[in-house]
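For clarity, every value in this text was computed on a predicted model and none was experimentally measured. Values below: all heavy atoms of this structure, side chains included; hydrogens, waters and symmetry mates excluded. Each ligand, and each atom within it, is numbered from 1 in the order the structure gives.
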Amino acid sequence: MIRLRNSMTMAIMLLLFLASTQLRAGSTASIRVEPPFWWNGMASHELQLMVSAKDVAAMQVELNYPDVVVSEIIQVGNPDFLFINLRIGDEATAGRFELRFLKGKKQHYVYSYELKERKPGSAARRGFDNSDVIYLLMPDRFANGDLSNDNISWMREKADRSNPNGRHGGDLKGIEDHLDYFSELGVNTLWLNPVLENNMPAYSYHGYAITDFYQVDARFGSNEDYVRLTEKAHKNGLKMVMDMVFNHYGTSHWWTDNLPMKDWNNVWPEFTRSNYRGGAIMDPNASEYDKNKMLKGWFDTSMADLNQANPYVARYLIQNSIWWIEYVGLDGIRMDTYPYSDKDFMVSWMKALKAEYPHFSVVGEVWLNTPPQVAYWQDNTNNGDGFQSQLPYVFSFPLKYAITDAFNEDNGWSSGVAKLYESLSVDYLFADPLKTVTFADNHDADRIFSRLGEDLNKFKMAMGFVLTVRGVPQIYYGTELLMTGLEHEGHGFIRKDFPGGWTGDPASAFTRDGRSDEQNQAWDFMSRLIKWRSSNRVVQTGKTTHYIPDDGIYVYFRHDEKASVMVILNNNKSAKKLHTERFSESMNGYAHGVDVISRTVLTSLSTIDLEPMSVHIIELKRTK
Ligand code: CA
């Protein structure tokens, strides 16, 4: 009897199990639809869904919802993928509809698709601009706010803080917990290195090998956590910039075992690496061989190269970026490896973004060594081949090289501060020099303090320059703490943990007490300058007038008809007395000045005393 009862229980459990699997087979669990949801009231009425499910290509698709119609169903040669073009009319209200997939009369899959209500003002959002200071941080290395997500059972790489190239456990909660820190420092825009899932066996911490374009990495938190962080950041007066990667994705992506289409990736007979020579793309003398390798070669063995010339790939990426802007409430995008993607596609992408968000900001990682090569990628630049990128902002990589060299070199015709002068003297190449993002270091570069021989005076000169030169300044996390590290030691060494971000850290650099005297000197210098900059219009958007360096002293003014700021860089190991007659065209009408750093008043401007290796930033005043 007991056995019978047991077997009956077993039978009932088996039935329940079968019922539940039946339920799953007819639910969203076995079918993937991307974008997973969308909004009504978007500028574009077209939406293309990528559907992935076993044998879905052979099925009929049904949906019934007011003013949403299936305009096209496209098979792409893979039995497990189907693309569905929807037209979402103006009358479509927010709500849910069922996407049903049938063979004959039998329904195999159903997906409950949601059209969310668009937030008012969503399209009118303003991106970052010259009034902002961007703070770049690496989420894995900033602060560990949630120990429970350090290791996720199904994810390949586990936390190992002893490995410089391993995951250290930092997350979105850690950033959320320290929002006050950014306000204290004065920065008002956060650029996070990529936060999307990187379920890779190793080096997953940096985020540039995405394995799911619609999912935040569970070790950073959930999609909802990203939304919450952004809402809180906005409440704290911070803008949010998302780091996106269109050129490549992680080889552990769910696509890898069953590519949606044969030409989804750029495919080679054997692994072929990019030559990383972005200049070849617009080089009039370049060979097709070199251009092809640059564009279609893989960035790394672990990073599959996307073929953006495939219109389905293109559509997928464009919608993905719009989805994140709309879902999270982003203010800007930093686009990785800009010249490595198909450039016509990148133009289409920018046009699609502008159609939805006319005032949005995008900065492209155009990592090229000379100003003309970088300027090529900024919109409205007068290019020989007529190319118009539509991209508003580019990073100033050549200026960054000049900054890292200038204060280490003896001053000569084109060395020392002459490098800064020469960099700005070719600003005519840029359609808008103000729309360049200026920086001294980032996650791929030597820490500026190390690069400058851990010399605080040189550091102040470099940061004083970054925060007063034309452009949008970008600060790399920990630069304000004089964090050290050289790129040749390994990437892990330029991406060390922010001290105090982890429970048990010996000191917390989030507070004054946790920082050394020298760190506080650097921190105070930067905070003072950043906050001053935020309230000083002319240093944000004023015209630049500079003077050829003389005796290792470089002087420039940021000015308009109402105000002027004078910046003096004394790149000498000795004190100097600067006679200002030769700057009279810039100083005419100004009687005295206020030193922004020391807050002292300069009652006379005819001569200015300069300490060795120093920067002076002086607000000029008309009357005594
Ligand atoms: Ca964590």
Side-chain angles (χ1 to χ4, degrees), residues 135-182 185 190-233 235-236 238 240-245 250 252-253 302 324 327-328 330 443 476-478 481 483 485 490-511 514:
Y135 188 86
L136 160 63
L137 66 84
M138 186 159 273
D140 182 61
R141 302 298 169 88
F142 189 68
N144 189 357
D146 181 359
L147 301 177
S148 75
N149 63 18
D150 290 4
N151 295 295
I152 302 285
S153 59
W154 57 272
M155 299 196 81
R156 292 180 174 86
E157 192 177 8
K158 308 301 176 200
D160 177 7
R161 225 183 144 197
S162 68
N163 176 2
N165 298 313
R167 293 197 78 94
H168 291 186
D171 46 41
L172 299 180
K173 181 68 167 52
I175 300 166
E176 190 181 320
D177 289 346
H178 292 288
L179 290 177
D180 287 346
Y181 175 76
F182 308 119
L185 184 61
L190 298 185
W191 156 25
L192 278 49
N193 289 117
V195 297
L196 298 188
E197 186 193 282
N198 271 232
N199 193 12
M200 298 294 287
Y203 300 99
S204 68
Y205 75 97
H206 57 59
Y208 290 97
I210 293 167
T211 56
D212 188 331
F213 280 93
Y214 281 97
Q215 198 63 51
V216 167
D217 194 292
R219 293 159 295 190
F220 290 149
S222 63
N223 285 7
E224 292 75 19
D225 291 336
Y226 191 24
V227 173
R228 194 184 64 240
L229 167 64
T230 304
E231 285 171 354
K232 284 198 180 177
K235 278 190 190 126
N236 279 259
L238 292 158
M240 289 288 274
V241 174
M242 186 167 178
D243 199 333
M244 292 190 179
V245 193
S252 300
H253 192 286
S302 61
W324 283 109
Y327 173 57
V328 176
L330 300 172
H443 61 291
Y476 183 40
Y477 82 96
L481 303 174
M483 276 171 75
H491 275 152
F493 291 87
I494 53 176
R495 303 165 179 175
K496 291 174 194 159
D497 299 341
F498 190 102
W502 278 251
T503 309
D505 279 358
S508 171
F510 287 110
T511 63

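When distances from the Ca ion (ligand 1) to the N, O or S atoms of Asp171 are compared, OD2 comes out shortest. Looking only at its N/O/S atoms, Asp150 has OD1 as the one nearest to the Ca ion (ligand 1). The nearest N/O/S atom of Asp146 to the Ca ion (ligand 1) is O.
For the side-chain hydrogen bond (donor to acceptor under 3.5 Å, both in side chains) with His168, the lone residue among Asp150, Asp497, Asn163 that qualifies is Asp497.
Ring pair Tyr208/Tyr203: centre-to-centre distance not below 6.0 Å.
The cationic group of Arg161 does not satisfy the cation-pi geometry with Tyr205, failing either the under 6.0 Å distance to the six-membered ring centre or the 45° limit from the ring axis.
Geometry about the Ca ion (ligand 1) gives an angle of 70° between OD1 of Asn144 and O of Gly169, rounded in steps of 10 degrees.
Residue contacts to the Ca ion (ligand 1): Ser148 brings no N, O or S atom closer than 3.0 Å. With a cut-off of 3.0 Å, the Ca ion (ligand 1) has no N, O or S atom of Gly170 in range.
Judged by distance alone, the side chains of Arg141 and Tyr477 never bring a donor and an acceptor atom under 3.5 Å apart.
Under the 4.5 Å side-chain criterion, counting only non-hydrogen atoms from C-beta, Asp217 is not in contact with Leu196.
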